[in-house]
Amino acid sequence: MFMRLTDIVGFDKEKRSFELYEKEKGTPDPFGAWRDGRAKDEKEPPFPRSVCEAYELFSKEFNRGKNGDVVLRRFLTGKRRASLAVYMNGMADDTKVNDFILRPLMTFEGERITLKGLLENTIRIGETRRVSSLNEVFLAVMDGMTALFLDGESEAAILETHGFEKRAIGSAENEKVVSGPKESFTESLRTNITLMRRLIHEKDLVAETGLTGGGGNTRLAIVYREGVTNEALLTEIKRRLGRIRTGSILTSGMLGQMIEDDRDSPLPQILSTERPDRAASRVMQGCVCILVEGSPFALIMPVTFFSLMNSPEDVYLRKPLGTMLRLVRYAGAAASVLLPGYFLSLTLYHHGILSTEVLSTVMASRMMVFEPIGVEMLLLLFIFQLIREAGQRVPGNIGQAIGIIGGLVMGQAAVTAHLASPVVLIIVAASGLGNFCIPDYQTQLAASYFRIFAVIAAWMGGLLGLSAAVIAAACHMAGLKSFGVPYLAPFAPRAARKRPLIFRGDIGMHERPDDVTNTSFDGRLEEEE
Amino acid sequence: MKLKQGRIGFAAGTSLAALAVFSSEVFSIDSKTMYANGNASYAALPLAVMISLLILLPAAAVSEGGLAGLFADAFGKAGGAVAAAVVSVGFVRAAAKPMTGFLEVLARLVFDGVPYARILLYIMPVTVLIAWKGFESIGRLALVFSGLIFVSVLIAAASAAPEFEVSRLYPLPSVNADTAGKTLSGTAFALPPLAALLTNEKGLGGKRNVLKTAAAAAALSAVLICFTQLALGLVYPYGILSGLSMPLYRINFLSLRQSYALRLDKLFIMMWLTGCVISCAYLVYSASLLLTVSFSARDVTPAVFTLSAAVFCFATAEFSEKYAAVSFAESFFSRFGALFAAVPILLAAAVGSIRKGRRIPS
């Protein structure tokens, strides 16, 4: 009975943890498991030997009677060999299929017709491959490729005919910079990989494409630098991807949650960015980037707290300006989290710290406010969150208008109605501004909710309660890891670094990868020498 | 096994041990006893730290598998478990003592008249959380906060410089029974944080790292303790010091009077309390690990919760003067507290070195 209980609560079972600084024991699942995209025990139908058989099979598998967009085109190659082209209408480019596949095959005049020969001499498509697995054929067709079957062949040809509509590359909306590249990722995986390749001119850049494990629908690409990125890190990422078992369509946000170390933590352990320059910069440092089909965000891993606090703009500006920006950002973040709680604890418990003038100003401003100051603070913080959420959901310029209406009109009205005092309003507004200084959206949200927790703690126990809340948060961060890299590295634990932590270093100092990712960059240099 | 040892480096280990030694020495001293006949604390307390290090060195030299392994080798499995239990009492006592000092100051000077237990109810959950998270988190947390804490101590001590007067150091310390007594008393609190490093040998990456970390932490904390106590001695004559609880906190009032929203005394005490919480969690975790390994248990969690409850009881019991048993225990620990950690460790080191000496020829 006791043993059963301990099993249920997981008592004395150590949580599996991956440490990047150490080699993990055991061999991980091979990458091929997720490349295939099917569960290992799923049976694959036998490969059709004739075109008729293939036609029947595809009609059945794709429900052709109901599905109008599946095209099964039967024709004769060289006017004598039965052939079948399979593609998705809308996903594949009709012009490519007609002009570079069907026309050359139908007008083929050679004597010997083989799949290999046709691919070599007749079909005018850049990317082609021969496959003997039906699952691969299905996936390729669904992805916008064209599958070509020849009667009697034991293989099919997969021809690159992507041609679906996609959004053009736009400017980054959530990570704006004043001086720096403006373009952002789109929903197209191929475009996003291209954007990365345009920035990283290294022959060691690899973009492995595949599907999430266990028959998932999500196509993704792992982008990294072969020989620079830590192999253990890469293996661990592939292992986690291979373990995903879901039938849902995954976006980058969902995928990130499924592979990060601590899903219950409010803090992100993966950097989600819409900027190709930011992603490329991290990949150059030895990090791994995951691009997901249908998501205009790249996932970067591993991250540390300090990398989440950096903005691409820091390095685009001159060193003193970049350093000042960072200092203002850290001060803003600290004010965002601590200012309301600190103010509350001073006014409620430690009046002695405040001078008579300050204290009398606070008291005078609260003269007609009927609710306790703790309630007033929480109410204003709640309204602030409300305005923020509403501003994000409402489209375009109306969102900005809501921010102005919420900030000015409601604030003024709340003071006039004696719902809030001007001093508390200023504290909440300053804290809110500080919150927007945090560059990463998820960290912003985590900080804004921790602020409410800190206010409650300060309301209950003054500086003692606030200290307890801060220590608890710091303890959580100290124990957190992002793909084996401690969250507070390179500060705690100390890791050798070639550039300053908060102050921005020289641009020349950015040549080497970060030490926290434990890259094999140095070793590679030695080999080259 | 869920021992939550993790792995920390030299910087984190040194910060942690130095913070714990500093908290134990500076915030644990009984002013009445320490400054009764003069002020020798600036020499006696650093000396106590060095004596603690000397006690630890032979133990670390012969230990295999940390303190638990040392006890098991020296006294056998059952005897080792008993020795571990005795040392754990010393650890818990060392964890609770600075907490008591803070409780007193917080209840008297910060939250006027609030019951001790209520204040402790804010501190203990965080302490338990940190101890439960394990050695790696504790070490990293110490690394995050130790710099701030040490700087705040230096600012507090240095800001009183205008009030320094050398004549207040009179009478000068001499090697007499009083100084020796203070040193021994100081050893009671300096030894557990250093010995806890040996308990966490695996987390520190081996015996060699333990020795290196202990030496660095002892040196760092001895310098800081000497500086702090010297500053206190230069500000207050020993007669006044003997009547002050936590004089380091009082020193703030000399220089930071009449300042506004950034008056630092409250912030400083919260900062030092943070250091005390971390060192308390460190000692609780180390004692829990020692007991868990010695009694061949597989999870450190039950011991962490039990010993945290013990710390809570120790810290609050000291203010319950109506119970004679508490007063007796307090005076007993004041006199013989050092022996709880020192005697088993020294004995085990002696037995271990004899056995090791025998083993070498064979």
Side-chain angles (χ1 to χ4, degrees), chain A residues 6 9-17 19 21-22 305 338-339 342-343 345-359 361-362 457-458 460-481 486-496, chain B residues 1-4 6-12 15 102 106 109-112 114 118-119 121-127 129-134 136-147 258-267 269-271 273-274 277-278 281 297-302:
Chain A
T6 57
V9 296
F11 193 65
D12 90 359
K13 279 182 191 156
E14 187 137 33
K15 192 182 167 191
R16 190 180 164 280
S17 122
E19 175 72 55
Y21 294 138
E22 289 175 309
F305 173 72
L338 299 174
L339 189 61
Y342 183 66
F343 176 77
S345 47
L346 293 198
T347 48
L348 280 177
Y349 292 91
H350 314 288
H351 315 112
I353 292 184
L354 297 171
S355 68
T356 317
E357 291 86 350
V358 175
L359 200 59
T361 307
V362 173
M460 288 169 69
L463 282 178
L464 182 65
L466 186 62
S467 302
V470 170
I471 301 169
C475 178
H476 174 67
M477 287 169 79
L480 204 59
K481 282 178 185 172
Y487 205 59
L488 294 178
F491 178 62
R494 289 263 193 275
Chain B
M1 297 289 268
K2 206 171 179 180
L3 300 178
K4 300 186 176 180
R7 203 175 65 182
I8 64 170
F10 175 70
S15 306
F102 274 102
L106 288 173
L109 302 173
V110 181
F111 300 96
D112 197 16
V114 175
R118 195 178 292 176
I119 294 175
L121 281 176
Y122 283 94
I123 303 170
M124 279 318 288
V126 185
T127 311
L129 172 74
I130 300 171
W132 176 73
K133 290 282 265 184
E136 202 173 66
S137 293
I138 299 170
R140 284 175 192 160
L141 206 56
L143 193 56
V144 170
F145 283 106
S146 59
Q258 300 298 323
S259 50
Y260 294 141
L262 276 177
R263 213 176 77 175
L264 294 173
D265 59 323
K266 298 280 189 300
L267 293 180
I269 198 162
M270 291 305 155
M271 199 84 83
L273 177 65
T274 304
V277 165
I278 294 169
R298 296 175 63 192
D299 191 339
V300 81
T301 312

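Quick note: numbers below take in every heavy atom, side chains included, and nothing from hydrogens, waters or symmetry partners. Letters A, B, ... are given to chains in the order of the sequence lines, protein chains preceding strands, and every chain is numbered from 1.
- Of the atoms belonging to I269(B), not a single heavy atom falls under 4.5 Å from chain A.
- For the side chain to side chain contact (heavy atoms under 4.5 Å, CB included) criterion with K266(B), the lone passing option out of L346(A), L463(A), L464(A) is L463(A).
- Contact annotation for A12(B): neither backbone nor side-chain heavy atoms come within less than 4.5 Å of a heavy atom of chain A.
- In terms of heavy atoms, S137(B) sits closest to A478(A) at O-CB, 3.8 Å.
- Contact annotation for I123(B): only side-chain heavy atoms (C-beta onward) come within less than 4.5 Å of a heavy atom of chain A.
- Put simply, of A457(A), G479(A), G461(A), the one with the most heavy-atom pairs under 4.5 Å next to chain B is G461(A).
- In this structure, no portion of F10(B) lies under 4.5 Å from any heavy atom of chain A.
- Between the CG atom in L129(B) and the CD1 atom in I471(A) there is a gap of 10.0 Å [rounded to 0.5 Å].
- Note that NZ of K481(A) and CD of E136(B) are 4.0 Å apart. Values are rounded to the nearest 0.5 Å.
- F491(A) is not listed as a side-chain neighbour of L143(B), based on a closest heavy-atom distance of 4.5 Å or more.
- Across I8(B), L273(B), V277(B), T274(B), the residue that shares the most heavy-atom pairs under 4.5 angstrom with chain A is T274(B).
- The candidate with the highest count of non-hydrogen atom pairs below 4.5 Å against chain B, out of A492(A), S467(A), A474(A), is A492(A).
- Counting heavy atoms from C-beta on, the side chains of R140(B) and M477(A) never come closer than 4.5 Å.
- When every heavy atom of A472(A) is checked against every heavy atom of V126(B), the shortest pair comes out as N-CG1, 4.2 Å.
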